[in-house]
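So that the names make sense, note that chain A is the first sequence line, chain B the second, and so on, each numbered from 1.
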There are 2 protein chains.
Amino acid sequence: MKKRVTLKQIAKELDISVSTASKALRDSKEISQDTRDKVKAFAKLYNYKPNTIAISLQNRRTKNIAVVVPEIVHHFFTTLVSGVEKVANAQGYNVVVCLSNESFEQEVNNMEMLANGRIDGFILSLSKGTLRKKDYRHLQEVMDQGMPVTLFDRITDEVMCDKVVIDDALAAKKAVTHLLDRGCKRVALVTTVDYVSVGCERTRGYMNALKNVGIEVDDQLILKIEDMDTCVSEIQEFLSKIEFDGVFGVNELFAVSAIKAAQKKGLRVPKDVAVVGFTDGILSQQFSPSLTTVVQHGYDMGQTAAQMLIDRLESDSDLAFTTQVIQADLVKRESTAVAIKVT
Amino acid sequence: MKKRVTLKQIAKELDISVSTASKALRDSKEISQDTRDKVKAFAKLYNYKPNTIAISLQNRRTKNIAVVVPEIVHHFFTTLVSGVEKVANAQGYNVVVCLSNESFEQEVNNMEMLANGRIDGFILSLSKGTLRKKDYRHLQEVMDQGMPVTLFDRITDEVMCDKVVIDDALAAKKAVTHLLDRGCKRVALVTTVDYVSVGCERTRGYMNALKNVGIEVDDQLILKIEDMDTCVSEIQEFLSKIEFDGVFGVNELFAVSAIKAAQKKGLRVPKDVAVVGFTDGILSQQFSPSLTTVVQHGYDMGQTAAQMLIDRLESDSDLAFTTQVIQADLVKRESTAVAIKVT
DNA sequence: TCTCCACACGAAAACGCTTTCGTTGTTTAT
DNA sequence: ATAAACAACGAAAGCGTTTTCGTGTGGAGA
């Protein structure tokens, strides 16, 4: 087991001082070309790599950024992490991933654990627990200590920081409008409880779309789901007793469950009922019928969020906070295809 | 912006030395109860948190572990990361996630980037690039420097370290046997190219299952896929020109694509052809017909891998390398349901 | 010859903490 | 009374770097 070689050892071997060795490796012109070469050759030979921890301690920057997500087994969040990874790595940063599991306490704990010098900044999507509690002191605290935070997707107006989101209301409106354009008259909505910012926005978009064409919102057609674990049966129960010819589900699972529930009722998709979802994951793409859905471009969001954070980390003047809105698109697939009329 | 308070500042304020402050906070009996209380009160008041980086430098341990996965937008890998996160966090470790994107170079780069003091050990699944190249020097190198590595899922015999896997061959055999038991005579196999260790093992399991009941392996029934991007059409093309009554796909996507291809051919699933997949992701669960599949228990694997790594990190005597085999189970669903005979 | 200035390098502080090894002043045993 | 033991604390080294500020050469210019 050959231990890592340090600057001190190099210095001793070459009979120079540590400072000379350090400067030589960094190509300081203070050092003669001769010694520079010598030191570099030696360093290469012994595979010297500077100790990152020591450097971090020195300049009080770790080149680590944390991504805190409610859960990771979820297409949108994983693509986002991918995007963050990409731009972070390209700029010499490492990404430490933390899961809040939708819990306020875990979110707080994780942030405290990381804020003590381990990382330079946070990229975070609020947990449901936090959204319900509306307690954002842990965010404010790290920011007060000069540690930047970039919020994404599930955000709040109550803390001032960089944010990156999609226009959920607009995207939802587009989705529902697509349904309406297709001729749907009674569009059901399967959404989340209101404290989830994005769910709420999407609900708003649904209503806007209806108002836009003069259809009154019918509460009978709206299902708000609290517990993801029981959503499948809830949706089935809900759809079994209403009349509808379209469904907008605010995520993949809701949409797919709606399709299955409709089919169980003897309705054909897309012939009798058209369905639109949210998030373009593997399920939307591969389900049969494939799902018309809103694509959130999580990869792009991740890249944007990471870049915003890094920009702030690397600028000395303090930038004004901005909110970036990422374009969301509706991708049309089989679940809303217009039936080909056989005349 | 209130900067973090350091030991030095506490010491100065309280007019004691840094060492006394440090000891007081760690409840050293060298310090009088009186000063201990005083220091702790002050520390609490000013929300003192020791700087993790300084401590890391001091004892040359970071309490960070790295998980390197080929890609993260994949059910198995995300559940694994979740499992790692859980046991790591519970023991005060942070998890830094790195993506190799199936590329040898990125795997090497990432590991080099992290090995310089940032982390204490690796949990890693080999990228396809690495498997193809059969070059494991980067692993050997970090291990030579005393940094433990735990390999999972996609492993190799060529490096000696802790490993955690499932018995892919056995699981595949179970899967195919289930098909055979159901009455299938011509079971097609959709698998990966051979250098992917797990794909290869699963192929072996398929063959074993056939041999077991005296069926000869028919190469016509085997499709090996190199490029994931074109797999859907490849599978369709493949299945269009063979006769089969069962399919075993070595992942979710292969299996689902097979179902769709069969349906396109006018075959009913599971009535005319039964299908089994691998990995119990959202697609397997939600696709219609739902998929009979091998569940790999990624969450358990992650927990096991993390625990193995941490055990090694925290033991001073060096443990013998072990390979843990996680139980894999076949979950039976609609895609292999026996038709209910209506007499 | 004397001064001045590159030049090439080294000493030491600093980052924030832990830990070892004194150094006091006080108490106990002899 | 004297040595020994103890209690409570501080100084300093050390972790591996970077960086500032010398310092000792030698050569150029006056």
Side-chain angles (χ1 to χ4, degrees), chain A residues 3-40 42-43 46-64 92 114-120 145-147, chain B residues 3-40 42-43 46-64 92 114-120 145-147:
Chain A
K3 275 260 134 267
R4 288 192 150 307
V5 43
T6 72
L7 261 195
K8 197 194 269 189
Q9 294 168 33
I10 294 187
K12 179 181 280 183
E13 288 294 317
L14 259 40
D15 205 39
I16 56 178
S17 75
V18 178
S19 18
T20 304
S22 171
K23 288 175 198 160
L25 287 173
R26 335 191 83 237
D27 251 329
S28 158
K29 66 214 57 89
E30 231 179 310
I31 306 299
S32 72
Q33 192 59 53
D34 207 46
T35 21
R36 269 191 257 176
D37 291 343
K38 222 176 291 175
V39 175
K40 283 190 203 161
F42 193 91
Y46 282 87
N47 193 27
Y48 168 78
K49 296 281 165 49
N51 182 313
T52 328
I53 293 291
I55 298 181
S56 292
L57 181 58
Q58 176 73 266
N59 40 223
R60 268 142 303 176
R61 312 188 52 221
T62 63
K63 285 243 167 192
N64 283 152
L114 290 166
N116 313 128
R118 278 183 194 285
I119 59 145
D120 296 338
Q145 289 168 8
M147 191 165 292
Chain B
K3 274 264 135 263
R4 296 195 94 62
V5 44
T6 73
L7 262 196
K8 195 194 271 187
Q9 294 168 33
I10 294 187
K12 179 179 279 181
E13 290 293 318
L14 259 39
D15 204 39
I16 56 177
S17 76
V18 178
S19 18
T20 304
S22 171
K23 288 175 199 161
L25 288 173
R26 335 191 83 236
D27 250 329
S28 159
K29 67 215 56 87
E30 232 180 309
I31 306 298
S32 71
Q33 192 59 54
D34 208 47
T35 19
R36 269 192 258 177
D37 292 343
K38 221 177 291 175
V39 174
K40 283 191 204 162
F42 192 92
Y46 283 88
N47 192 28
Y48 168 77
K49 297 279 164 52
N51 182 313
T52 327
I53 294 291
I55 297 181
S56 292
L57 181 58
Q58 175 74 266
N59 40 224
R60 267 143 302 176
R61 312 189 53 223
T62 62
K63 286 244 168 190
N64 283 153
L114 291 166
N116 313 129
R118 279 184 194 285
I119 60 145
D120 295 339
Q145 288 169 7
M147 191 164 291

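- By the 4.5 Å heavy-atom criterion applied to side chains, A/Ile10 and A/Tyr46 are not counted as neighbours.
- Scanning both residues, B/Lys49 and B/Arg4, for their nearest heavy atoms gives CB-NH2, 3.6 Å.
- Sorted by residue number, the members of residues 26-37 of chain A with any non-hydrogen atom under 4.0 Å from DNA chain C read A/Glu30, A/Ile31, A/Ser32, A/Thr35.
- Between B/Ile16 and B/Val39, the closest side-chain pair of non-hydrogen atoms falls below 4.5 Å.
- For the pair B/Ile53 and A/Arg118, the minimum side-chain heavy-atom distance is 4.5 Å or more.
- Listed by residue number, B/Val18, B/Ser19, B/Ser22 are the residues of residues 13-22 of chain B with a heavy-atom contact under 4.0 Å to DNA chain C.
- Residues B/Thr20 and B/Ile31 have side chains in contact (heavy-atom distance under 4.5 Å, counting atoms from C-beta outward).
- A/Ile55 is listed as a side-chain neighbour of A/Pro50, based on a closest heavy-atom distance under 4.5 Å.
- In this structure a side-chain-to-backbone donor-acceptor pair under 3.5 Å is present from A/Asp120 to A/Thr62.
- Between the side chain of B/Asp27 and the main chain of B/Lys23, no donor-acceptor pair closer than 3.5 Å is present.
- Looking at heavy atoms from C-beta onward, B/Val18 lies out of side-chain contact with B/Lys12 at the 4.5 angstrom threshold.
- Of the possible polar contacts, one joining the A/Ser56 side chain to the A/Thr52 backbone as a donor-acceptor pair under 3.5 Å is found.
- Note that the first and last nucleotides of DNA chain D, 5' to 3', having any atom under 4.0 angstrom from a heavy atom of chain B are D/dA8 to D/dG16.
- A distance-only check finds a donor-acceptor pair linking the side chain of B/Lys3 to the backbone of A/Gln145 [under 3.5 Å].
- With a 4.5 Å cut-off on side-chain heavy atoms, A/Asn47 and A/Val5 do not count as touching.
- Considering OH of A/Tyr48 and OG1 of A/Thr6, their distance stands at 7.5 Å, rounded to 0.5 Å.
- Residue A/Lys8 is classed as a sugar-phosphate contact, given heavy-atom separations below 4.0 Å to backbone atoms only.
- Put simply, CG on A/Leu57 and CD on B/Gln58 are 10.5 Å apart, with the number rounded to the nearest 0.5 Å.
- Summarising the geometry, atom CG belonging to B/Asn64 is positioned 7.0 Å from atom CG belonging to A/Asn64; distances are rounded to the nearest 0.5 Å.
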Requested in this report: Take B/Ser22 and B/Ser19 through the test side-chain hydrogen bond (donor to acceptor under 3.5 Å, both in side chains) and record every step on the way to the result.
Outcome: CA-CA 5 Å; B/Ser22 171; B/Ser19 18; over 6 Å; no
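- Between B/Leu25 and B/Arg36, the closest side-chain pair of non-hydrogen atoms is not below 4.5 Å.
- Running 5' to 3' along DNA chain C, contacts with non-hydrogen atoms of chain A at under 4.0 Å begin and end at C/dA8 to C/dG16.
- Within residues 49-63 of chain A, the residues approaching DNA chain C are A/Leu57, A/Gln58, A/Arg60, by heavy-atom distance under 4.0 Å.
- Rounded to 10°, the angle separating the first-five-pair axis and the last-five-pair axis of the helix from C/dT1-D/dA30 to C/dT30-D/dA1 equals 70°.
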